[in-house]
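So the structure is just underneath, and the comments pick up after that.
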Amino acid sequence: MIVLVTGSSGRIGSRLVSTLMDRGMTVRGFDVRPRPIENEGYDEEIGSLQDRAAVERSVAGVEAVVHLGAFMSWRPEDENRLFQVNCEGTRVLLGAAACAGVRRLVFASSGEVYPENSPVRQPILENHPLRPSSHYGLTKLMGEELVRFFARTRKLETVILRFSHVQDASELLDENSFFSGPRFFFGPRIRQQEQLGNHDLAEQMRRSDPGTPAHILPRSSFGRPFRMHITDTRDIVEGIVLALEADSAAGETFNLGATEPVDFELLVSKMSEITGYPVVAFDYPGEGVFYTTSNEKIRRKLGFVPRWSIDRMLDEAAGARKARLEKATYRIVGS
């Protein structure tokens with residue numbers, strides 16, 4: 001099979017490219033950033049999703065497309081770019097894929113289409129009402145509608161995967177990680193809130209800031225610790241491969257993520273044992289984040305089996321953190 005992977009230089013895309021080649025497939029990458037790979041089974045097209053000519057070149061001769069390419073942001077100033085890339089870019093890709101005779105397209109959507117952090121009912125199934133509360137979630141829902149439209153009108157075989165929060169295990173204990181820094185560390189969370197324009201909330205957090213590195217335990221206004229799904233990148237890739245290959249996936253929408261949600265009180269406590277950082281609880285206004293998303297459909301229909309529990313991920317994260325600290329110490333001593 002010849003597969004096009006958009007977003008091929010990203011966290012998920014780069015691992016997916018390697019996995020597909022390991023399975024004997026020929027892969028073409030498409031991204032704004034090059035990712036040179038010395039492999040006969042790989043070539044790449046550099047360009048943006050809004051560049052129709054580049055998109056048309058990328059789909060030429062491929063049998064399937066995995067559409068991971070997207071722009072992710074929650075900053076107000078990025079709203080226009082979100083719609084340009086995630087909606088218009090997806091429309092351009094779908095049109096080119098249909099004209100090129102692509103057999104199957106797998107679309108990476110998000111739990112933000114529900115949204116998971118404000119569920120109407122739990123566990124969250126694929127038939128949950130779709131009421132996104134962020135512009136990012138809205139663009140993903142609009143992308144889904146485009147996918148359904150092309151499946152209906154152009155006979156394009158499609159699969160929609162709604163990703164949970166995706167994490168490289170090695171990032172979990174990295175304060176500088178785009179995702180893990182603000183999620184698990186107090187200082188990075190304050191900076192994130194400032195960037196999002198939540199200045200009052202950031203100021204409230206500063207009043208609880210111990211002034212030294214610390215983990216944050218986010219809770220609701222009534223003290224309930226957050227709970228959400230965190231899925232290892234490798235499990236996400238396995239789910240994508242199943243969606244790409246399984247005949248029974250055609251025309252379906254699946255939640256793709258870990259089976260069990262993560263209790264932040266327990267997780268952050270384990271993180272603190274590894275780093276030695278104190279844990280500072282902070283109560284957010286309202287209900288906070290507390291949800292369970294069901295992956296029962298993809299387990300039953302496609303045989304998906306998540307293999308990376310949060311404890312297994314944390315063990316790997318501890319080793320990665322130790323290696324980073326040792327490397328930093330070596331640089332200081334050798335300088």
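In what follows, residues are counted from 1 in the order of the sequence shown.
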Output, in order, the C-alpha distance, side-chain angles, deciding distance and verdict of salt bridge (charged side-chain N to carboxylate O under 4.0 Å, His left out) for Arg148 and Glu145. CA-CA 5 Å; Arg148 285 186 278 267; Glu145 287 300 326; 2.9 Å; yes
Is a side-chain donor or acceptor of Lys297 paired with a backbone partner of Thr253 at a separation under 3.5 angstrom? yes
Is a donor on one side and an acceptor on the other found under 3.5 Å between the side chain of Thr26 and the backbone of Ile2? no
Less than 4.5 Å apart, side chain to side chain, heavy atoms only: is that true for Ile310 and Ile230? yes
So for atom CZ, which belongs to Phe178, do other residues, nucleotides or ligands contribute more than 12 heavy atoms lying within a distance under 6.0 Å? yes
Nearest heavy-atom approach of Ser9 to Asp31 is N-OD2, 2.9 Å
Within a strict 4.5 Å, meaning less than it, do heavy atoms of the Met1 and Leu244 side chains meet? yes
Do Glu44 and Tyr42 get their side chains close enough for a donor-acceptor pair, meaning under 3.5 Å? yes
Gly257 backbone acceptor or donor facing Asp235 side chain under 3.5 Å: no
With the side chain counted from C-beta on, respond yes when Ile240 and Val66 share a heavy-atom pair under 4.5 Å apart, and no when they do not. yes
If you count the non-hydrogen atoms of other residues, nucleotides and ligands that lie under 6.0 Å from CG in Asn127, is the total more than 12? yes
Can you tell me how far apart CG (Leu141) and OG (Ser109) are? Round to the nearest 0.5 Å. 7.5 Å
Could you check Phe179 against Asp174 for side-chain contact (heavy atoms from CB on, under 4.5 Å), going step by step and ending with a plain yes or no? CA-CA 9 Å; Phe179 290 106; Asp174 184 357; over 6 Å; no
Salt bridge Glu144-Arg162, side-chain N to carboxylate O under 4.0 Å: yes
Considering all heavy atoms, the nearest Leu217-Pro225 contact: CD1-CB, 4.2 Å
Between Pro278 and Pro213, what is the shortest heavy-atom contact and its length? CD-O, 3.4 Å
Should the pair Tyr277 and Phe185 be assigned to parallel (<30°), tilted (30 to 60°) or perpendicular (>60°) ring geometry? perpendicular
Assess, by modelled atom type and distance only, whether the side chains of His67 and Thr90 contain a donor and an acceptor separated by less than 3.5 Å. yes
OG-CD1 distance between Ser18 and Ile37, expressed to the nearest 0.5 angstrom: 5.5 Å
Quick one: do Glu238 and Arg307 make a salt bridge, cutoff under 4.0 Å? no
Let me confirm one number: the CG-NE2 distance from Leu256 to His229, rounded to the nearest 0.5 Å. 12.0 Å
His128-Glu126 side chain donor-acceptor pair, cut-off 3.5 Å: no
The test is side-chain contact (heavy atoms from CB on, under 4.5 Å); show your working for Phe163 and Ile236 and say whether it passes. CA-CA 8 Å; Phe163 292 178; Ile236 291 290; 3.9 Å; yes
Pick out which of Tyr291, Phe282, Tyr284, Phe290 makes a ring pair (Phe, Tyr, Trp, His ring centres under 6.0 Å) with Phe226. Tyr284
Can you tell me how far the OG atom of Ser170 sits from the CE atom of Met313, to the nearest 0.5 Å? 9.0 Å
Hey, are Glu63 and Arg104 close enough for a salt bridge, meaning a charged N less than 4.0 Å from a carboxylate O? no
Taking the side chain as every heavy atom from C-beta outward, state whether Ser58 and Val65 have any pair of such atoms under 4.5 Å apart. no
Examine distances only and state if a side-chain atom of Arg189 and a backbone atom of Ala202 form a donor-acceptor pair shorter than 3.5 Å. no
Heavy-atom check, side chain of Gln193 versus side chain of Glu203, under 4.5 Å: no
Pair Thr233, Asp168: side-chain N/O donor-acceptor within cut-off below 3.5 Å: yes
Heavy-atom count around Arg324 CZ within 6.0 Å, excluding the residue itself: above 12? yes
Before you tell me yes or no, could you show the steps for Gln84 and Gln50 under side-chain contact (heavy atoms from CB on, under 4.5 Å), namely the whole-Å CA-CA distance, both residues' side-chain angles and the distance that decides it to 0.1 Å? CA-CA 7 Å; Gln84 290 167 0; Gln50 297 122 289; 3.5 Å; yes
Between the side chains of Thr292 and Arg227, is a donor N or O closer than 3.5 angstrom to an acceptor N or O? yes
Charged N to carboxylate O under 4.0 angstrom, Arg219 versus Glu265? no
Test side chain to side chain donor-acceptor pair (under 3.5 Å) on Ser180 and Glu171; report intermediate values, then the result. CA-CA 6 Å; Ser180 290; Glu171 298 173 332; 4.9 Å; no
Please name all residues satisfying side-chain hydrogen bond (donor to acceptor under 3.5 Å, both in side chains) with Arg91, sequence neighbours left out, ordered by chain then number. Glu88
Within the side chain of Arg321, is there an N or O that forms a donor-acceptor pair under 3.5 Å with the backbone of Leu173? yes
Could you pull out the closest heavy-atom pair between Ser248 and Lys301, with the gap in Å? O-CE, 3.3 Å
Determine whether more than 12 heavy atoms belonging to other residues, nucleotides or ligands lie under 6.0 Å from atom CG of Asp22. yes
With a 4.5 Å heavy-atom cut-off, do Val237 and Ile12 have their side chains touching? yes
Mind running salt bridge (charged side-chain N to carboxylate O under 4.0 Å, His left out) on Glu316 and Arg234 for me, showing each step along the way? CA-CA 13 Å; Glu316 187 169 304; Arg234 288 160 288 199; 3.1 Å; yes
Pair Arg81-Asp78, salt bridge (charged side-chain N to carboxylate O under 4.0 Å, His left out): steps then yes or no: CA-CA 5 Å; Arg81 187 180 174 195; Asp78 288 332; 5.8 Å; no
Quick check for you: to the nearest 0.5 Å, what is the distance between Asn198 atom CG and Gln204 atom CD? 10.5 Å
Only one of Met205, Glu175, Arg206 clears side chain to side chain contact (heavy atoms under 4.5 Å, CB included) with Phe186; which? Met205
Taking all heavy atoms of Phe150 and all of Ala98, pick out the closest pair and write down the distance. CD2-CB, 4.4 Å
Quiz question: by atom type and distance under 3.5 Å, do the side chains of Glu116 and Thr293 form a donor-acceptor pair? yes
Over 12 non-hydrogen atoms of neighbours within 6.0 angstrom of CD in Glu77: yes
Does Ile216 reach the side chain of Val280, with side-chain heavy atoms less than 4.5 Å apart? no
Which distance, rounded to the nearest 0.5 Å, do you find between the CZ of Phe264 and the CE of Met271? 8.0 Å
Tell me whether Leu156 is reachable from Ile160 by hopping between hydrophobic residues (I, L, V, M, F, W, Y) whose side-chain heavy atoms are closer than 4.5 Å. yes
Thinking salt bridges, do Asp311 and Lys270 make one under a 4.0 Å N-O criterion? yes
I'd like to check Phe254 versus Val159 (side-chain heavy atoms, cut-off strictly below 4.5 Å). Are they in contact? yes
If we ignore angles and hydrogens, is there a donor and acceptor under 3.5 Å between the side chains of His215 and Ser272? no
Closest heavy-atom pair, Gly223 versus Asp283, reported as atoms and distance to 0.1 Å, is CA-OD1, 4.2 Å
